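Here is the structure we will look at.
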Amino acid sequence: MQNWIEKYRPKKIYEIIEQEEATQKLKNYLEKFPGKKKSVILNGPPGTGKTSLAYALAREADSEIFELNASDLRNKSSMNLKLKPVLEQKSLFEKNKLILVDEVDGISGTDRGGVSELVTLIEESKYPIICTANDCWNQKLSPLRKKCEIIELKEISPSGVKKILNEILKKEKVELNPDLINKISIKSNGDLRSAINDLEAASKIGKIEFVEIDERNKKTDIFKAIRYIFQEIPSEEMLSVFDKVDMPLDEIILWIEENIPKVYSGEELARAYERLGRVDLFKGRIYKQQYWRFLLYENIFLSYGMSEAKGKKGKKGFYKYGKPDRILKIWLNNQKHAKKKTIAEKYAKLTHVGQKRILREWNEIKNILKNPVIQKQVKLDDDEISYLMKY
Ligand SMILES: Nc1ncnc2c1ncn2[C@@H]1O[C@H](COP(=O)(O)OP(=O)(O)O)[C@@H](O)[C@H]1O
Ligand SMILES: [Mg+2]
């Protein structure tokens, strides 16, 4: 079955949203070809419609597209073979032709070979050549830039993303929680491809069969592991328990977060949460400063630390452990950090206290920031305020 990205790729120009300026520029280029610059680069972040725009315009102009990729460019015979129909003399009744070199970033990666081939091709071509790039400002692409008009495509706005997602849901006759749609739209950061992918995944989680198979094997392990941690007497053996679970620590955190409140309460729960918070802190440092040794501590906090939060005892009884709603939780988790960071940034600017210190003393500072007068001074926005009040 076709995935939604392909199924809903815009076929007509009017279906491409928020790229009117780029569309106009590309049209002009095609009409004036060969103008001042012989080729164009559609430059912009992933999932903003570069490839779709090239195809939709070609269709509208009744042109045939010949697509070349990085490896064709490095391989002369493959290139000649693909371009043979293009390079032959155009007959009177034939369609116009267009060459598309998608994602030229790819050729700059390894060597210059491909880039100079492409430049030669542009110089000699009788047909328009459209290149696309995520970032054409790479130094290795500078010879190419000289031959090209650069057309920038912008990230899609959250409301634009939402609009497309809702249209797709309508066509698929699927209903999803509007809150989740909002979250997916914001999280996508203007990348429609990733938004549509997330949407498709989210819509399938509702239809269990599919996800279950893949989760089943993991499930027994992670369920066993957290049961062990939460209910057994803490011991040294626990330190290695997550090594046996086939799941990244980030995801294990979500399982723990989801399930501790079902087993622990009062003091125990507070201690467990406090330790989980420290895992977050370590994670930040690990990524920023690449202190990979800290990964060890992360593991300790999650295994022994979680178990010991209830004291040196076991817990009898049957608890119904559940599975976290992954996409949402991961997103929320990231988002939580994102908000904390923007708040810390603003607070740092105002008080000249270092951001790191703010994050370290977050609990105190959070309380200070609950004061509306201070919120105003720090210029927190509504989202940041609601985050502060929630956590
Ligand atoms: N501007 C846009 N308008 C409508 N849909 C878009 C737009 N940009 C991307 N999409 C959606 O995202 C998918 C990927 O787009 P694509 O053109 O391949 O992005 P890019 O080449 O910029 O990475 C498309 O199939 C389409 O569903
Ligand atoms: Mg593309």
Side-chain angles (χ1 to χ4, degrees), residues 1-27 29-30 39-61 63 65-73 82 98-109 114 118 128-138 141 144 148-174 176 181 184-204:
M1 216 180 53
Q2 221 180 3
N3 62 26
W4 288 6
I5 299 292
E6 287 316 319
K7 195 167 168 191
Y8 294 106
R9 182 181 286 286
K11 308 242 157 23
K12 303 266 170 57
I13 288 172
Y14 68 81
E15 293 173 304
I16 295 175
I17 64 164
E18 297 186 15
Q19 305 297 7
E20 288 77 11
E21 205 183 320
T23 308
Q24 201 47 54
K25 283 184 178 164
L26 187 58
K27 269 187 184 166
Y29 159 76
L30 292 176
S39 174
V40 284
I41 301 176
L42 301 178
N43 189 51
T48 52
K50 300 180 294 293
T51 307
S52 306
L53 178 59
Y55 273 93
L57 256 184
R59 186 169 296 132
E60 189 150 291
S63 299
I65 279 204
F66 291 84
E67 200 173 327
L68 286 182
N69 60 34
S71 68
D72 297 329
L73 285 166
K82 280 209 182 170
L98 257 180
I99 298 167
L100 173 65
V101 188
D102 212 3
E103 312 210 339
V104 286
D105 312 67
I107 47 174
S108 67
L118 179 54
I129 298 183
I130 301 175
C131 307
T132 77
N134 289 321
D135 177 15
C136 73
W137 301 105
N138 184 313
L141 291 177
L144 174 65
C148 294
E149 179 188 342
I150 293 165
I151 301 179
E152 297 282 354
L153 279 83
K154 313 177 298 266
E155 286 159 3
I156 311 297
S157 70
S159 64
V161 174
K162 206 165 114 179
K163 183 176 147 247
I164 298 279
L165 296 186
N166 279 320
E167 282 170 14
I168 293 179
L169 287 175
K170 207 166 154 197
K171 286 180 197 149
E172 290 288 324
K173 300 194 174 63
V174 173
L176 269 191
I181 303 172
I184 293 174
S185 311
I186 298 166
K187 184 195 133 204
S188 73
N189 253 327
D191 174 350
L192 257 170
R193 181 187 291 103
S194 81
I196 296 173
N197 265 331
D198 283 355
L199 187 77
E200 189 174 4
S203 78
K204 298 232 152 98

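Order of listing sets the numbers, starting from 1, for every ligand and every atom in it. Here the structure is a predicted model, which means the values were calculated and not measured.
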- Message: Which residue is it: L118, V40, L141? I am looking for the one with a side chain to side chain contact (heavy atoms under 4.5 Å, CB included) to C131.
- Response: L118

- Note on the structure: atom 22 (O) of ligand 1: closest protein heavy atom, distance to 0.1 Å, is K50 NZ, 2.8 Å

- Which atoms from ligand 1 have a heavy atom of I156 less than 4.0 Å away? 1 (N)

- Message: Pairs of nitrogen or oxygen atoms closer than 3.5 Å, one from E103 and one from ligand 1: do any exist?
- Response: no

- Measure the OG-CD1 distance between S203 and I184 for me, rounded to the nearest 0.5 Å. 9.0 Å

- Message: Taking E167 first and then K170, would you say they form a salt bridge - that is, a charged N and a carboxylate O separated by under 4.0 Å?
- Response: no

- Flag side-chain contact, heavy atom, 4.5 Å: T51 against R9: yes

- When distances are taken from atom 18 (O) of ligand 1, the protein heavy atom at minimum range is R193 NH2, 2.9 Å

- Pairwise side-chain contact, T23 with L26, heavy-atom cut-off 4.5 Å (strictly under): no

- Message: When you compare ligand 1 with L192, is there at least one nitrogen or oxygen pair between them that comes in under 3.5 angstrom?
- Response: no

- About how many Å separate CD1 of I16 and CG of L53, when rounded to the nearest 0.5 Å? 4.5 Å

- Item | Residue P46 vicinity, atoms of ligand 1 by number, heavy atom under 4.0 Å | 23 (O)

- Message: Just to be careful: counting only protein atoms that are N, O or S, how many fall under 2.8 Å of the Mg ion (ligand 2)?
- Response: 1

- Message: I need the I130 CD1 to E67 CD distance, nearest 0.5 Å.
- Response: 11.0 Å

- Quick one: does E18 get a heavy atom under 4.0 Å from ligand 1? no

- At what distance is the nearest protein heavy atom to atom 25 (O) of ligand 1, and which residue and atom is it? I5 O, 2.8 Å

- Note on the structure: ligand 1 to I196, heavy atom cutoff 4.0 Å, flagged ligand atoms 11 (C), 27 (O)

- For the residue pair L30 and L98, what are the closest heavy atoms and their distance? CD2-CD2, 3.7 Å

- Query: Taking NZ, NE, NH1 and NH2 as the nitrogens, is one of them in K7 or E172 under 4.0 Å from a carboxylate oxygen of the other?
  - Reply: yes

- Query: In terms of atom number and element, which parts of ligand 1 are under 4.0 angstrom from non-hydrogen atoms of E15?
  - Reply: 3 (N), 4 (C)

- Task: Among all protein heavy atoms, pick the one closest to atom 21 (O) of ligand 1 and tell me residue, atom and distance.
- Result: T51 OG1, 2.8 Å

- Task: Might you point out which heavy atoms bring P45 and E155 nearest each other, and give the distance in Å?
- Result: CG-CG, 3.6 Å

- Hey, which atoms in ligand 1 end up nearer than 4.0 Å to a heavy atom of S52? 15 (O), 16 (P), 17 (O), 24 (C)

- Item | Where ligand 1 meets P10 - atom numbers and elements under 4.0 angstrom, heavy-atom basis | 4 (C), 5 (N), 26 (C)

- Task: Could you check atom 3 (N) of ligand 1 against the protein and tell me its nearest heavy-atom contact, residue, atom and distance included?
- Result: I17 N, 2.9 Å

- Message: Any nitrogen or oxygen of I164 lying under 3.5 Å from a nitrogen or oxygen in ligand 1? Just yes or no.
- Response: no

- Just how far is it from atom CG of L153 to atom CD1 of I41, taken to the nearest 0.5 Å? 12.5 Å

- Query: Picking from T48, I5, V161, what satisfies side chain to side chain contact (heavy atoms under 4.5 Å, CB included) with L192?
  - Reply: V161

- Query: What is the distance from atom CZ of F66 to atom CG of L100, rounded to the nearest 0.5 Å?
  - Reply: 12.0 Å

- Can you tell me how far CD1 of I156 sits from OG of S188, rounded to the nearest 0.5 angstrom? 9.0 Å

- Flag E6 as yes when one of its N or O atoms lies below 3.5 Å from any N or O atom of ligand 1, and as no otherwise. no

